[in-house]
2 protein chains.
Amino acid sequence: MAEQEISQQAPVQETTEQKIFDAAHELFVQKGLDGAKMQEIADKAGINKALLHYYYRTKEKLFEMVAKAIIHQGVPVFRKKLESDKPLEEKIAEFVDSYIDLIRLNPFMPVFIISEMNKHPQHFFEKIMPAELPKPQKFIRQIEEAVAEGRIRPVNPQHLVVNIMALCAFPFVARPMMQMVLGLNAHEIEAFFKQRKTEVTEFIFAALRPES
Amino acid sequence: MAEQEISQQAPVQETTEQKIFDAAHELFVQKGLDGAKMQEIADKAGINKALLHYYYRTKEKLFEMVAKAIIHQGVPVFRKKLESDKPLEEKIAEFVDSYIDLIRLNPFMPVFIISEMNKHPQHFFEKIMPAELPKPQKFIRQIEEAVAEGRIRPVNPQHLVVNIMALCAFPFVARPMMQMVLGLNAHEIEAFFKQRKTEVTEFIFAALRPES
DNA sequence: CGAGGAGTTAACCATACGGTTAAAATTTTT
DNA sequence: AAAAATTTTAACCGTATGGTTAACTCCTCG
């Protein structure tokens with residue numbers, strides 16, 4: 001479900017601008033704004049450092065473009081799911097499904113966002129995040145209705161929203177730690193992430209079953 | 001419950017070494033290894049830059065000491081809770097309780113660990129993490145037993161462990177985002193975090209109720 | 001008192017870094 | 001093919017950065 005067809009790099013005839021962008025993408029994601037160096041990006045792109053400034057004026061601008069691209073890859077997914085007209089149960093299942101799909105395609109994304117958002121919150125919300133970021137009001141109203149109707153256990157809707165996001169995203173940001181603590185090798189962790197979707201969905205629905 | 005008495009800085013007669021350490025702590029946590037600059041640390045400590053190198057030979061060494069201190073603040077809490085002899089239900093409740101307490105005392109900790117762990121995994125696990133990090137084997141066995149006895153719904157124990165950690169830690173690392181998405185002001189977010197402990201505990205227990 | 005050591009400082013050093021310049025190479029336009 | 005515009009490069013610039021040096025202060029102890 002929700003397996004998008006994202007042209008998985010066709011290195012046919014990549015333009016220089018693209019090569020720079022890709023190199024910057026990889027390094028910014030891996031090392032952050034401060035950790036990634038312009039020379040390093042130039043080397044990885046296989047070009048002269050001056051070209052970075054020719055295409056993207058400054059490091060900050062280059063970073064902004066990369067960060068925006070990353071954010072804008074996720075935002076529409078959220079918006080679509082949060083604002084859909086589907087009934088609550090279906091909505092939750094779809095949300096978990098496409099959220100985990102999204103992260104599995106770009107496992108670095110949550111760490112990148114969390115790091116940069118916490119390190120430079122002002123810059124992040126003023127220059128990178130779109131002004132109209134998806135709001136879960138409709139989702140929250142649906143939760144309130146379901147509670148009122150007794151269809152689900154009484155829960156605080158805001159906490160539920162956070163819980164869902166936490167269950168989806170956290171394993172990816174804590175991956176190295178998990179791997180260490182649970183003692184999993186590469187294969188096992190891969191299997192773990194494969195199971196994750198169903199396990200999370202079942203966990204949430206179980207937590208929402210009405211009492212008695 | 002579990003409100004430790006941690007001598008909340010007594011700035012009576014702080015030694016220079018301590019002043020440096022504290023300044024480094026604050027800046028490394030806030031900006032990471034790459035983002036924090038030695039001059040900045042010296043300024044914040046109110047001393048000459050050469051003194052940094054007098055007490056802590058290099059930036060890396062200083063960082064290691066700070067990072068170790070942060071890690072070693074949390075590890076014993078984990079170990080104690082994970083290896084206790086209490087029955088499962090109690091254990092989960094206590095784990096959530098002291099985990100959230102721990103993070104509320106140092107809300108920066110999870111972001112710091114996640115950032116640095118993902119940015120320099122090798123350095124992190126070789127030089128900073130203690131060799132004998134707490135393992136949840138006993139906890140996992142207890143879960144398996146509870147499932148076998150039908151006391152809780154059948155769940156994959158590893159996923160449950162991850163779920164618990166996710167529900168506790170994630171809100172703190174995603175705090176700025178949450179604040180934005182849920183549209184909370186400083187007071188409201190404070191209230192949110194106060195409710196968090198009970199909400200998470202109830203959520204987990206609800207998810208573990210046996211079926212039918 | 002005065003020698004020795006710990007603590008502290010200003011000045012300095014080499015390199016790394018983000019960014020610029022001017023000219024060369026390449027492509028596009030006419 | 002010449003002119004114009006675009007792309008690429010090597011060399012350079014000023015500053016920031018991690019780190020060092022050597023001298024100076026201050027306290028301790030014989």
Side-chain angles (χ1 to χ4, degrees), chain A residues 11-69 112 115-116 119-120 122-124 126-128, chain B residues 11-69 112 115-116 119-120 122-124 126-128:
Chain A
V12 194
Q13 221 181 6
E14 220 179 3
T15 162
T16 298
E17 199 173 348
Q18 260 302 321
K19 280 195 298 191
I20 293 175
F21 188 88
D22 292 346
H25 191 286
E26 187 173 336
L27 285 171
F28 277 139
V29 156
Q30 197 183 117
K31 310 193 171 187
L33 172 57
D34 303 309
K37 308 299 172 183
M38 292 299 263
Q39 186 59 61
E40 222 183 341
I41 296 174
D43 292 347
K44 169 148 285 184
I47 48 96
N48 190 290
K49 184 166 64 101
L51 268 185
L52 300 186
H53 296 93
Y54 177 72
Y55 285 105
Y56 309 86
R57 312 246 320 159
T58 67
K59 191 187 186 185
E60 268 66 33
K61 293 236 198 306
L62 176 53
F63 179 79
E64 269 175 38
M65 306 214 65
V66 170
K68 269 185 187 157
F112 174 78
S115 297
E116 297 304 325
K119 228 164 270 179
H120 321 281
Q122 194 172 342
H123 179 260
F124 185 83
E126 280 175 12
K127 303 246 172 132
I128 293 171
Chain B
V12 194
Q13 221 181 5
E14 220 179 2
T15 164
T16 299
E17 199 173 347
Q18 261 302 321
K19 281 195 298 192
I20 294 174
F21 187 88
D22 293 345
H25 190 286
E26 188 174 335
L27 285 171
F28 277 139
V29 155
Q30 198 183 116
K31 310 193 171 187
L33 171 58
D34 303 309
K37 306 299 171 183
M38 292 299 260
Q39 186 60 60
E40 223 183 341
I41 296 175
D43 292 348
K44 169 149 286 186
I47 48 95
N48 190 289
K49 185 166 63 104
L51 269 184
L52 298 187
H53 296 93
Y54 178 72
Y55 285 105
Y56 308 86
R57 311 247 319 161
T58 67
K59 191 187 187 187
E60 268 66 32
K61 291 237 198 307
L62 176 53
F63 179 80
E64 270 176 37
M65 306 214 66
V66 170
K68 269 185 188 156
F112 174 77
S115 298
E116 297 305 324
K119 228 165 269 179
H120 321 282
Q122 193 171 343
H123 179 259
F124 185 83
E126 280 175 13
K127 302 244 174 137
I128 292 170

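Chain letters run A, B, ... following the sequence lines, proteins first and then strands; every chain starts at 1.
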Visitor: Which is true for A/Tyr56 with a 4.0 Å heavy-atom rule: it touches a base, it touches only sugar-phosphate, or it touches nothing?
Guide: nothing
Visitor: Whether the side chain of B/Tyr56 engages the backbone of B/Glu17 through a donor-acceptor N/O pair (distance < 3.5 Å, no angle test) should be reported.
Guide: yes
Visitor: So, is A/Thr16 close to the D/dT8 phosphate, meaning a side-chain N or O under 4.0 Å from OP1 or OP2?
Guide: yes
Visitor: Side-chain contact test, heavy atoms from C-beta onward, threshold under 4.5 Å: evaluate it for B/Ile128 versus B/Phe63 and give yes or no.
Guide: yes
Visitor: Hey, could you give me each pair passing salt bridge (charged side-chain N to carboxylate O under 4.0 Å, His left out) that has a residue in residues 54-69 of chain B? Not counting sequence neighbours.
Guide: none
Visitor: Starting at atom OH of A/Tyr54, determine the distance to atom C1' of D/dT7, rounded to an integer number of angstrom.
Guide: 5 Å
Visitor: Measuring from atom CG of A/Asn48 to atom OH of A/Tyr54, what distance do you get when rounded to the nearest 0.5 angstrom?
Guide: 13.0 Å
Visitor: Would you list the protein and nucleotides 12-20 of chain D atom pairs, both N or O, that sit under 3.5 Å from each other?
Guide:
from: D/dG18; atom 1: OP1; to: B/Lys59; atom 2: NZ; distance (Å): 2.9
from: D/dG18; atom 1: OP2; to: B/Met38; atom 2: N; distance (Å): 2.9
from: D/dG18; atom 1: N7; to: B/Lys49; atom 2: NZ; distance (Å): 3.1
from: D/dG19; atom 1: OP2; to: B/His53; atom 2: NE2; distance (Å): 3.4
from: D/dG19; atom 1: OP2; to: B/Lys59; atom 2: N; distance (Å): 2.8
from: D/dG19; atom 1: N7; to: B/Lys49; atom 2: NZ; distance (Å): 2.7
from: D/dG19; atom 1: O6; to: B/Lys49; atom 2: NZ; distance (Å): 2.4

Visitor: For DNA chain C, which nucleotides open and close the run of contacts to chain B, 5' to 3', at under 4.0 angstrom from a non-hydrogen atom?
Guide: C/dA6 to C/dA10
Visitor: Quick check for you: to the nearest 0.5 Å, what is the distance between A/Phe124 atom CZ and A/Ser115 atom OG?
Guide: 10.5 Å
Visitor: Would you list the atom pairs, donor with acceptor, under 3.5 Å between side chains in residues 23-44 of chain B and any protein atom, with sequence neighbours excluded?
Guide:
from: B/Glu26; atom 1: OE2; to: B/Lys44; atom 2: NZ; distance (Å): 3.0
from: B/Lys31; atom 1: NZ; to: B/Glu40; atom 2: OE2; distance (Å): 2.4
from: B/Lys37; atom 1: NZ; to: B/Asp34; atom 2: O; distance (Å): 3.0
from: B/Gln39; atom 1: NE2; to: B/Asp43; atom 2: OD1; distance (Å): 3.0
from: B/Glu40; atom 1: OE1; to: B/Lys37; atom 2: N; distance (Å): 3.4

Visitor: When rounded to the nearest 0.5 angstrom, what is the spacing between OH in A/Tyr55 and CD1 in A/Ile47?
Guide: 9.0 Å
Visitor: Looking at five pairs on each end of the helix from C/dC1-D/dG30 to C/dT30-D/dA1, what is the angle between the two axes, given to 10 degrees?
Guide: 0°
Visitor: For the atom pair CG (B/Asp22) and CD (B/Glu14), what is the distance rounded to the nearest 0.5 Å?
Guide: 4.5 Å
